[in-house]
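Taking it in order: structure first as structure tokens, then the write-up.
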Amino acid sequence: TYSAGQWGGTRAGVALRTTLSELGALPVSAMIHIPKAQDVINRDGSIVVTSEANDEEERWQKYCSRTFSQLEWWAVAARNHREVV
């Protein structure tokens, strides 16, 4: 989730989990929250680099990797189940 505020859409993300589950979606336990998205993401979708270390993109990739790993696990599990059933 993302927002212009300091909480990165956390409340909306938590509230959506129940609705998404009722719709048959399987939300992963790890969530990605991007507070003050306008300061973090450029219009083209790239990460804003603000420090001299230039490590923002690497930090965001590391932060998001847990969620993406869980999402990939679910996708593989669903594909394997579909092949068996």
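Using a 4.5 Å heavy-atom cutoff, the side chains of R59 and I47 are not in contact. Side-chain atoms of F68 and I32, non-hydrogen and from C-beta on, do get closer than 4.5 Å to each other.
Residues satisfying the side-chain hydrogen bond (donor to acceptor under 3.5 Å, both in side chains) test with N80, not counting sequence neighbours, are none. With sequence neighbours excluded, no residue satisfies side-chain hydrogen bond (donor to acceptor under 3.5 Å, both in side chains) with D39.
Residues V28 and L71 come closest through the heavy atom pair CG1-N, 3.7 Å. In plain terms, the two heavy atoms of A30 and R66 that are nearest each other are CB-NH1, 3.5 Å.
At distances below 3.5 Å, not a single donor-acceptor pair connects side-chain atoms of N42 with backbone N or O atoms of D44. Within the 3.5 Å criterion, the main-chain N or O of S65 finds a donor-acceptor partner in the side chain of S69.
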Checklist entry - Given E22 and T19, is the side chain to side chain contact (heavy atoms under 4.5 Å, CB included) satisfied, shown in steps? => result CA-CA 5 Å; E22 285 296 319; T19 304; 5.8 Å; no
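Counting non-hydrogen atoms of other residues, nucleotides and ligands closer than 6.0 Å to CD of Q38 gives a total above 12. The environment of R11 atom CZ is sparse: at most 12 non-hydrogen atoms of other residues, nucleotides or ligands sit within 6.0 angstrom.
Distance check: Q70 CD to W73 CH2 gives 9.5 Å after rounding to the nearest 0.5 Å. Here the straight-line distance linking atom CH2 of W74 with atom CG of L26 works out to 4.5 Å at 0.5 Å rounding.
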